Every structure is written in C-alpha cells, then in structure tokens.
Amino acid sequence: MNIKYKLDKIIYQVSFCRNTEKQNISKEIEKLKSDKNILLIYDNKISKKIVEQVFDDLKFSGCKIFTLKSKGDKKNKNEKFLFQIIDFLIREKFTKKSIIISLGGGVVGDVSALASSLYLRGLIYFYVPSTITSIVDSCIGGKTAINYKGITNSVGTYYHPKNVFILEDIFQNIPNREFNAGIAEVIKCGVIDNKKILNFLIINKDKIFKRDYKTIVNLCKKTLQSKIKFFKKDIHENKKRLFLNFGHTFAHAIEMATEINFKKDFIRHGEAVGLGMLSEIYYENRSKGKIFNLVKNLLEIYNLPTKLDISKIKINKTELLNTIYKNLFLDKKKIDKYPRYISIKKIGFPKVKEIKDFDFINDTILNVLF
Ligand SMILES: NC(=O)c1ccc[n+]([C@@H]2O[C@H](COP(=O)([O-])OP(=O)(O)OC[C@H]3O[C@@H](n4cnc5c(N)ncnc54)[C@H](O)[C@@H]3O)[C@@H](O)[C@H]2O)c1
C-alpha cells in the first residue's frame, strides 16, 4: 500500500507497513548506494516496542547503526537540537552516503530533515512519522525547519525524505491528544480541496476513534494525495502550495504568542491550526457563517479546541491579544507589508489574500479566540 510521487525526476515513496511485513526499511536501504552508516534519531516518548521494531528492521540492512534519543515538543525545535545532530555526524565521520532515519513527530522530523539537508549539503534521509500531524502532513513536501529567535520555522530548507514508512503499530500508540491534533490538518485539506474528506471524517468518526486500521489509512491516503496535488509543481510555495497554509497565519501567531512563557504542552500545532482556520474564515467573511460552523463542528467532534483557554497560562488577555496581533506580521508568506492568509468562501476554492483591515484583526481575535 504505497503512494509514489515524482519531483525533479526522482521518485519518492510513502509506504504503509503492516505488522506482518518485515524489513520494510532495510529493503529500501539495500536499493541505495550508501556507506552503511545509519543514525536513527528517535523521540523519547515513543514506545520502546516501536523503537525496537525499527531497530530490528535496520539490523537486516547490515549497516552500522547509531542512535540518538531526542525530545519532541516545539520548545525543542531549536538550534541546540540541530547542532546536536550535526556534531554527532561530524564525530562519527558520516559522509554524504550515510543515512539519517528519524522516528518521531513533526518536531523530530523537521529538525532531523534540516540537519540532513545541511550536513555536507545533504545526505540520505528517511522518515518514520509517529503522530497524525506528521503522518498526514509533515512527512511529505520537504519543509524542514527550526524555530529561531522566537519565530516559528524561521530557519529552514526544502529537503524530501527519500522514503517514508508509516507503521501499523504507530496508530495504536499515538496518545489521544496527538491523534486529535493531527485531524486539524486533515480538516484543512478537506476545506481547501475536497469536501469528501470532510464527509469521510463525519461518517467514519466512530471507526476513526476506534483507530480502525483500514479507515485511518484510507483517511491518511486521501489527505496525503491532496497535499501532493498542491506542492508537487510548486515546492517553493509561489502559487498553489500557499493554499496548504490555510489557518497557519493565525496558527503561527497564536503558537508564538503562547510560547513566550514556555508553557510546555499549552497548544499543539494542530490545535492552533484549528483555531487559525476559524479565525481566517471569520476574518474573510466578517462573521461566523456556514463554513465556520462546519469547521467548528468538526473540531468539536475531534475534541479540538474552538477557543483559547488562557486560564492555563499566566498571561494577561490584552497582552496576549497584542502579541497575536504583532505576530501576524511575522507571516512568512508576506511579500509586501501585509500578512497573507487563505480565504475560503466556498469549500474547495481557496484564494490567497492580504490582511489589510487591521481593526478587524482585533475583532477576529476577540470573537473567535477569546
Ligand atoms: N514540515 C512540514 O511540512 C510540517 C507540517 C506540519 C507541521 N510541521 C511541524 O510539526 C510540528 C508539530 O508536529 P507534532 O504535532 O507531531 O509535534 P511533536 O513532534 O512535538 O509531537 C507532539 C508530542 O507527541 C510526542 N510523540 C510523538 N510521537 C509519539 C508517539 N508515537 N507516542 C507518544 N508520544 C509521541 C512528542 O514527544 C511530543 O510531545 C510543528 O513544529 C510544526 O511546525 C511541519
């Protein structure tokens, strides 16, 4: 059960690996000309059983395997983690033909991919995503990054994992919060691309909650195929790929504003994307309407926040409003002085627009987030 796509004449592959299929990763390694050195970078919250499963698979490749235990969570998406990886590669004399395999969520994945692209200007990179956000979104498209100077994803490159392996066991092991947070990116693809994804989320909610393998794989495939359509011919985000940022202008502003206190776990990326989508729909239409209610309903079904619960962090409401406002202007899609956002007037018909009505930013924050 694989998805293949071609970029610049190179074929990339996402494999859904059943427990019964063994040595999926080592079989792909054998097809490459590598120097037989592997660095496995894994998230410390992943169950021991899964880490061992990957390790056992890699042993069949006959390679020398090094491991690096690391931490997920946005506060670790930084230069310290990046250089920890690079220092390791230098110390162990890795070459351009060595392999990095990351096993983790979007944070471990984004930083490992950035290190893979920077060290000797690029070595071989594979990814085993371990959260729904990373399975349906960050495992493809090639965006790598760290957060630097308080700015989300301010330093990064484009570098694609040659192979992505989605393990059957991972789905049963993802904590509920990580599971739900990833559904926000699925809703995003449904809104910008295909109402069928939204209907699928509604009709199959019980099976999805039970983590029925076939249903979830079907959902992941629909979402990945939708994402591929948007980035395949626009890697550097000049046209169609921009639509994948629906909800992200506000989401990143929220994430940056609530991270100042370094309150770990306050908001997951996917949770912020949910709030960001509501904010952008509200800003576009100057009111809550049919699409707003559809997205809000889906967020509620999947236990995702539809308001910012600031009682959990020590921050004054006005201060938070002002910081979110200010952060919107750090938008990376900005090409002029105005931040850009994705406007949705009809499901499946996104447009890129600028945020020019500054007064309505405050209205949006007050009416949607608080
Ligand atoms: N590159 C891209 O295209 C892209 C797309 C979407 C998101 N992102 C980035 O991804 C990050 C968010 O991803 P995320 O939500 O996966 O965050 P994450 O990697 O921080 O994972 C969330 C939490 O789950 C834990 N975790 C991961 N896998 C686990 C498992 N199997 N079992 C138990 N715990 C597990 C992590 O330690 C962390 O505490 C953000 O930094 C965002 O910018 C990148």
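Because only heavy atoms are used, hydrogens play no part in the values below, and waters and symmetry mates are left out as well, while side chains stay in. Whatever order the structure lists ligands and atoms in, that order sets their numbers, starting from 1. This is a predicted model, so every value here is computed, not measured.
At the shortest separation from atom 6 (C) of ligand 1 among protein heavy atoms lies Asp137 OD2, 3.4 Å. Scanning all protein heavy atoms for the shortest distance to atom 24 (O) of ligand 1 gives Glu178 CG, 3.2 Å. Summary of contacts: the protein heavy atom closest to atom 12 (C) of ligand 1 is His269 CB, 3.7 Å. Annotation: atom 36 (C) of ligand 1 to nearest protein heavy atom, Asp43 OD2, 3.2 Å. Scanning the protein for heavy atoms near atom 28 (N) of ligand 1, the closest one is Ser130 OG, 2.7 Å. Regarding atom 14 (P) of ligand 1, its nearest protein heavy-atom neighbour is Gly106 N, 3.6 Å. For atom 2 (C) of ligand 1, the nearest protein heavy atom (residue, atom name, distance) is Ser138 CB, 3.4 Å. Of the protein's heavy atoms, Thr131 CG2, 3.8 Å lies nearest to atom 21 (O) of ligand 1.
For ligand 1, the polar-atom distance check against Ser134 finds no nitrogen or oxygen pair separated by under 3.5 Å. Geometrically, ligand 1 and Ile174 share no nitrogen or oxygen pair separated by less than 3.5 Å. Ligand 1 has no nitrogen or oxygen under 3.5 angstrom from a nitrogen or oxygen of Lys74. Inclusion of Lys143 in the set of residues having an N or O under 3.5 Å from an N or O of ligand 1 is warranted. Taking any N or O of Asn44, backbone or side chain, none lies under 3.5 Å from an N or O belonging to ligand 1. Taking only nitrogen or oxygen atoms, main chain and side chain alike, Thr152 does not reach within less than 3.5 Å of ligand 1.
Contact annotation: for Asp73 versus ligand 1, heavy atoms closer than 4.0 Å belong to both the backbone and the side chain. Of the heavy atoms in Asp110, only side-chain atoms (C-beta onward) come closer than 4.0 Å to ligand 1. Only side-chain heavy atoms of Thr133 come within less than 4.0 Å of ligand 1; its backbone N, CA, C and O stay farther off. For Asn153, every heavy-atom contact with ligand 1 shorter than 4.0 Å involves the side chain, none the backbone.
Contact record, Lys74 with His269: NZ-N, 3.9 Å, taken as the closest heavy-atom pair.
By the 4.0 Å N-to-carboxylate-O rule, Lys45 lies too far from Asp43 to be salt-bridged with it. Looking at Lys80 and Asp87, no side-chain N of the basic residue comes within less than 4.0 Å of a carboxylate O on the acidic one, giving no salt bridge. A salt bridge between Glu30 and Lys27 is absent, with no side-chain N of the basic residue lying under 4.0 Å from a carboxylate O of the acidic one. A salt bridge is absent between Lys337 and Glu354; no separation between the charged side-chain nitrogens and carboxylate oxygens falls under 4.0 Å. Here Asp137 pairs with Lys227 in a salt bridge; the nearest charged N to carboxylate O distance falls below 4.0 Å. With respect to Glu168 and Arg18, a salt bridge is recorded, a charged nitrogen being found less than 4.0 Å from a carboxylate O.
For atom 40 (C) of ligand 1, the candidate residues are Lys227, His248, Glu185, Lys77; the nearest heavy-atom contact is made by Lys77. The closest heavy-atom contact to atom 39 (O) of ligand 1, among the options Arg177, His252, Lys71, Lys45, comes from Lys45.
For the residue pair Ser287/Asn285, the side-chain donor-acceptor check at 3.5 Å is not satisfied. With 3.5 Å as the limit, one finds a donor-acceptor pair spanning the side chains of Asp193 and Ser226. Using a 3.5 Å distance cut-off with no hydrogens or angles, the side chains of Asn19 and Asp169 do pair a donor with an acceptor.
Residue contacts with ligand 1: Pro175 is included, with a non-hydrogen atom under 4.0 Å away.
Among Tyr127, Tyr125, Tyr42, the single residue meeting the side-chain hydrogen bond (donor to acceptor under 3.5 Å, both in side chains) criterion with Ser102 is Tyr125.
Atoms of ligand 1 lying under 4.0 Å from at least one heavy atom of Asn173, given by number and element, are 32 (N). For ligand 1, the atoms closer than 4.0 angstrom to any heavy atom of Gly105 are 16 (O), 19 (O).
The aromatic rings of Tyr338 and Phe358 are tilted relative to each other, their planes meeting at an angle between 30° and 60°.
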TODO: Check the pair Phe16, Phe165 against ring-ring contact (aromatic ring centres under 6.0 Å, His included), reporting the backbone distance first and the verdict last.
DONE: CA-CA 6 Å; Phe16 287 85; Phe165 304 90; over 10 Å; no
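Counting heavy atoms from C-beta on, the side chains of Leu58 and Ser26 never come closer than 4.5 Å.
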